[in-house]
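Written below as structure tokens is the structure these notes are about.
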Amino acid sequence: MDIRLISKEQAWQLRHEVMWPERELDYVKLDDDDAGEHYGLLEQERLISAVSLFIEGDEAQFRKFATLEPEQGKGFGSRLLQYVLEEAEARGVRRIFCNARSNKAPFYQKFGLAATGQSFSKGGKDYIIMERFFRPAGAGALDRNGVEQTND
């Protein structure tokens, strides 16, 4: 198993196959894909899972997280997401968020993401916005709103 940066074109192919196979390829492309970093989990050079990370200052969004359907439930997506979360934190991101398909929220909760209370629908699918806050190095614990907790 190998996790590494992949091309946006590789990400597009996997997104299309997994997320929106009934739509044209252009539907899975993002206007800001050139600004993103696209990560892939490969096994024997076969792309199994992909996610795109967009960092702006101390905030980041991961988007278009997809794992081949026959490979779901085997831990590949979990490994990739954990890697990307650690990468974002190491690069100084304080808040990371995603637009999660509503039925996938429990998966993201396992990684410390919490629902923000905001939701929307797109293409006939329901989404909720989920977020996680990282502590600055040496800081105390943060609550779900990113506020440092003190023991005063």
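Only this structure's heavy atoms are used, side chains among them; waters, hydrogens and symmetry mates stay out. We're numbering straight along the sequence, starting at 1.
- Residues H16 and R23 come closest through the heavy atom pair NE2-O, 2.6 Å.
- Minimum heavy-atom separation, D126 to S121: OD1-OG, 2.6 Å.
- Both tests hold for K125 against W20: distance to the six-membered ring centre under 6.0 Å, angle to the ring axis within 45°.
- Residues R4 and L42 are in side-chain contact: their nearest non-hydrogen atoms beyond the backbone lie under 4.5 Å apart.
- The line from CZ of R46 to CG of D2 is 15.0 Å long, rounded to the nearest 0.5 Å.
- Of the inter-residue distances, the one linking F76 atom CZ with L47 atom CG reads 11.5 Å to the nearest 0.5 angstrom.
- In terms of heavy-atom proximity, S119 sits nearest to I128 at CB-CG2, 3.9 Å.
- In terms of heavy-atom proximity, L80 sits nearest to S49 at CD2-OG, 3.4 Å.
- Annotation: K8, atom NZ; neighbour count of heavy atoms from other residues, nucleotides and ligands within 6.0 Å is above 12.
- You'll find the side chain of T116 stays beyond 4.5 Å of the side chain of M130, heavy atoms only.
- Side-chain atoms of L5 and E37, non-hydrogen and from C-beta on, do get closer than 4.5 Å to each other.
- In this structure, K64 fails the cation-pi test against F54, since its NZ or CZ atom is not both closer than 6.0 Å to the six-membered ring centre and inside 45 degrees of the ring normal.
- The NZ atom of K110 sits 11.5 Å away from atom CD of Q82, with the distance rounded to the nearest 0.5 Å.
- Other residues, nucleotides and ligands contribute more than 12 heavy atoms inside 6.0 Å of the CD atom of E24.
- Here CD of E59 is found 7.5 Å from CZ of F133. Values are rounded to the nearest 0.5 Å.
- Inter-residue side-chain proximity for I96 and L53 is flagged as met; some heavy-atom pair is nearer than 4.5 Å.
- Two residues are said to be in side-chain contact when any heavy atoms from C-beta on lie closer than 4.5 Å; R63 and L30 meet this criterion.
- Here the options are E87, R91, Q61, the test is side chain to side chain contact (heavy atoms under 4.5 Å, CB included), and the partner is I55; only R91 passes.
- Heavy-atom minimum distance, G77 versus F107: C-CZ, 4.3 Å.
- Here CG of L113 is found 5.5 Å from SG of C98. Values are rounded to the nearest 0.5 Å.
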| request: Walk me through it: do D26 and W12 pass the test side chain to side chain donor-acceptor pair (under 3.5 Å)? | output: CA-CA 9 Å; D26 284 346; W12 293 341; over 6 Å; no
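- Across Q72, E71, Q13, a single residue satisfies side chain to side chain contact (heavy atoms under 4.5 Å, CB included) together with V18, and that is Q72.
- Side-chain contact between L85 and F111 is present, with heavy atoms from C-beta onward closer than 4.5 Å.
- Under 4.0 Å is where a charged nitrogen must lie from a carboxylate oxygen, and between R95 and D58 no such pair does.
- For the pair F65 and V84, the minimum side-chain heavy-atom distance is 4.5 Å or more.
- A cation-pi arrangement, defined by a distance under 6.0 Å to the six-membered ring centre and an angle within 45 degrees of its axis, is absent between R132 and F134.
- Salt bridge annotation for R15-E9: absent, with no cationic side-chain nitrogen under 4.0 angstrom from a carboxylate oxygen.
- The aromatic rings of F62 and Y108 sit tilted relative to each other, their planes meeting at an angle between 30° and 60°.
- Residue L41 holds its CG atom at 10.0 Å from CD1 of I6, rounded to the nearest 0.5 Å.
- The shortest side-chain heavy-atom distance between Q44 and M1 does not fall under the 4.5 Å cut-off.
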